[in-house]
Amino acid sequence: MARVVLAMSGGVDSSVAASLLLEQGHEVVGVFMRHGEASPVACELDVHSDNSSERGTTVPRGQTNRSAGLAGLSSPAQDRDHDLPVLNHRSDHKRGCCTASDAEDARRVADRLDVPFFALDLAGEFREIMDYFAEEYLAGRTPNPCVMCNRWIKFGKLFHYADSIGAEFLATGHYARLADRDGEPALLRGIDSNKDQSYALFGVERSLLSRMLLPIGTFTKPEIRAAAERIGLRVAEKRDSQEICFVASGKHGDFIRSRHGGDRAGEIVTVAGDVVGTHRGVEDFTIGQRKGLGVALGEPYFVVSIDADSRRVTIGPEETLYADGLEASDVNWLIDPPATGFRCEAKIRYNGPAAAATAEPTEEGFRLTFDDPRKGVAPGQAAVLYDGDRVLGGGWIDRAFRRER
């Protein structure tokens, strides 16, 4: 079969993905990406150790990492100005999807399955994701760092790594599927509707679909946990990571202020224009937010709009959140770009339901009109279009609109 690079997070999904790929006869190379915020002690690199499975080594370009158990593989030479180090695993790391304990879990799984394992330091590349995250919030938009990570790193930089070691495919533990449609690969929703992650993969380049493997997309989460139990993986009951990996505290406003500082205080106003409070910065808010507004008006109020220039956050009752449609740009099509309008279903948030709509191509991307008004259309989020189970493509929301009534 083929050599496959598998992104291993230390969680149950990518761990079972490794087992499934081995059952299919593939030669699997496990890769852990250290890319989030971490304490200096937890993620310092030890370049003097000789045992990469326990402490960490630097793999010089062009030399094989014999201790990782894979003769003939060298560290990637593309897009790097320095050697790629294997992490020094420690137990005192903060919580997140790229913690030292996660790296250790991934290494144990790789050892259990006899899969060669490399932990790559991609913190430098991931700073671009953190910069994007902060800049979008400061512009009054709501970013989606997971989509950008998939686009730039997991199905971007890791493909460069796969090329450097002669791997034909790149695999992940995403709940999505790939299938042949009209003679070409198509991205489909995962079988488990509660865990489907196809929304977060819309930004992958169409040309790369033929080199992707998504082994767990045809299973449900309970089936994956049961499989981990059967093959004796200790991560079988490990809980899913919920927070943004580089904002372990969950307080994105504090994270942004720690990086950018400055005084961005402003006013909170109602849709009627009444000033009802103040705030520390627009980075604390997102469209549709109800909690943490710092004002009490006797009934639920939600963030309706954010103006970064005036530093005004506008709030209103729930009915003011609804929009008839949106305009999106920076579109990535996973089909031939449509020339005319078409019917589809659209998701405007990762965990939101798909809604029936009509999409019209525009010079910038597409204009989407919902059959029924949708609540909480947030500029900066992705609008992903579907035809049944198939992902057609998607773009980034620029603005919401309401029809004249």
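The shown structure was predicted, so the numbers you read here are calculated from the model rather than taken from an experiment. As a basis for the values below, the full set of heavy atoms in this structure was taken, side chains included, without hydrogen atoms, waters or symmetry mates.
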(request) Is it possible for you to check whether Arg108 lies under 6.0 Å from the centre of the six-membered ring of Phe117, through NZ or CZ, and within 45° of that ring's axis? (result)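 Negative - Arg108 is either too far from the ring of Phe117 or too far off its axis.
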(request) State whether the side chain of Asp387 and the backbone N or O of Arg390 hold a donor-acceptor pair below 3.5 Å, judged by distance alone. (result)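 Here the side-chain-to-backbone pair does not exist.
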(request) Mark yes or no for whether Lys347, through its side chain, and Tyr350, through its backbone, hold a donor-acceptor pair below 3.5 Å. (result)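 It does hold such a pair.
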(message) We want to know whether Arg189 and Ser198 form a side-chain donor-acceptor pair, criterion being a heavy-atom distance below 3.5 angstrom.
(response)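 Result is no, nothing qualifies.
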(request) Identify, with sequence neighbours excluded, every residue that meets side-chain contact (heavy atoms from CB on, under 4.5 Å) alongside Pro338. (result)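 Partners of Pro338 by the side-chain contact (heavy atoms from CB on, under 4.5 Å) criterion, ordered by chain and then number, come out as Trp333, Ile335, Phe342, Pro361.
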(message) Run the side-chain contact (heavy atoms from CB on, under 4.5 Å) test against Ala382 and tell me which residues pass, sequence neighbours left out.
(response)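 For Ala382, the residues satisfying side-chain contact (heavy atoms from CB on, under 4.5 Å) (neighbours in sequence not counted) are Tyr199, Phe202, Val384, Trp396.
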Residues [X] and [Y] bridged, charged N to O under 4.0 Å:
{"X": "Arg367", "Y": "Glu360", "result": "no"}
{"X": "Arg3", "Y": "Asp163", "result": "no"}
{"X": "Lys195", "Y": "Asp13", "result": "no"}
{"X": "Asp284", "Y": "Arg264", "result": "no"}
{"X": "Asp102", "Y": "Arg34", "result": "no"}

Rounded to the nearest 0.5 Å, how far apart are [atom1] of [X] and [atom2] of [Y]?
{"X": "Asp330", "Y": "Asp398", "atom1": "CG", "atom2": "CG", "answer": "9.0 Å"}
{"X": "Leu170", "Y": "Arg211", "atom1": "CG", "atom2": "CZ", "answer": "8.0 Å"}
{"X": "Ile216", "Y": "Tyr175", "atom1": "CD1", "atom2": "OH", "answer": "4.0 Å"}

(message) I want to check something: taking the side chain as every heavy atom from C-beta on, are Glu364 and Val331 in contact at a cut-off of under 4.5 Å?
(response)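 Glu364 does not reach Val331 side chain to side chain.
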(request) Show the numbers, then the answer: is there a side chain to side chain contact (heavy atoms under 4.5 Å, CB included) between Glu229 and Glu237? (result) CA-CA 8 Å; Glu229 288 277 8; Glu237 295 303 320; 3.5 Å; yes
(request) Could you tell me how the ring of His279 sits relative to the ring of Phe285: parallel (under 30°), tilted (30 to 60°) or perpendicular (over 60°)? (result)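 Rings of His279 and Phe285: perpendicular, over 60°.
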(message) Can you tell me which residue among Val304, Val271, Val295 is in a side chain to side chain contact (heavy atoms under 4.5 Å, CB included) with Ile315?
(response)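 Among Val304, Val271, Val295, the one that satisfies the side chain to side chain contact (heavy atoms under 4.5 Å, CB included) with Ile315 is Val295.
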Extract all donor-acceptor atom pairs below 3.5 Å that involve side chains of residues 132-139 and protein atoms in other chains or at least two apart in sequence.
unit_1 : atom_1 : unit_2 : atom_2 : d
Tyr132 : OH     : Asn144 : N      : 2.8
Glu136 : OE1    : Arg141 : NE     : 2.9
Glu136 : OE2    : Arg141 : NE     : 3.4

(message) Show, in sequence, the C-alpha distance, side-chain angles and deciding distance for Leu209 and Leu178, and conclude whether the side chain to side chain contact (heavy atoms under 4.5 Å, CB included) test is met.
(response) CA-CA 8 Å; Leu209 294 181; Leu178 293 161; 4.2 Å; yes
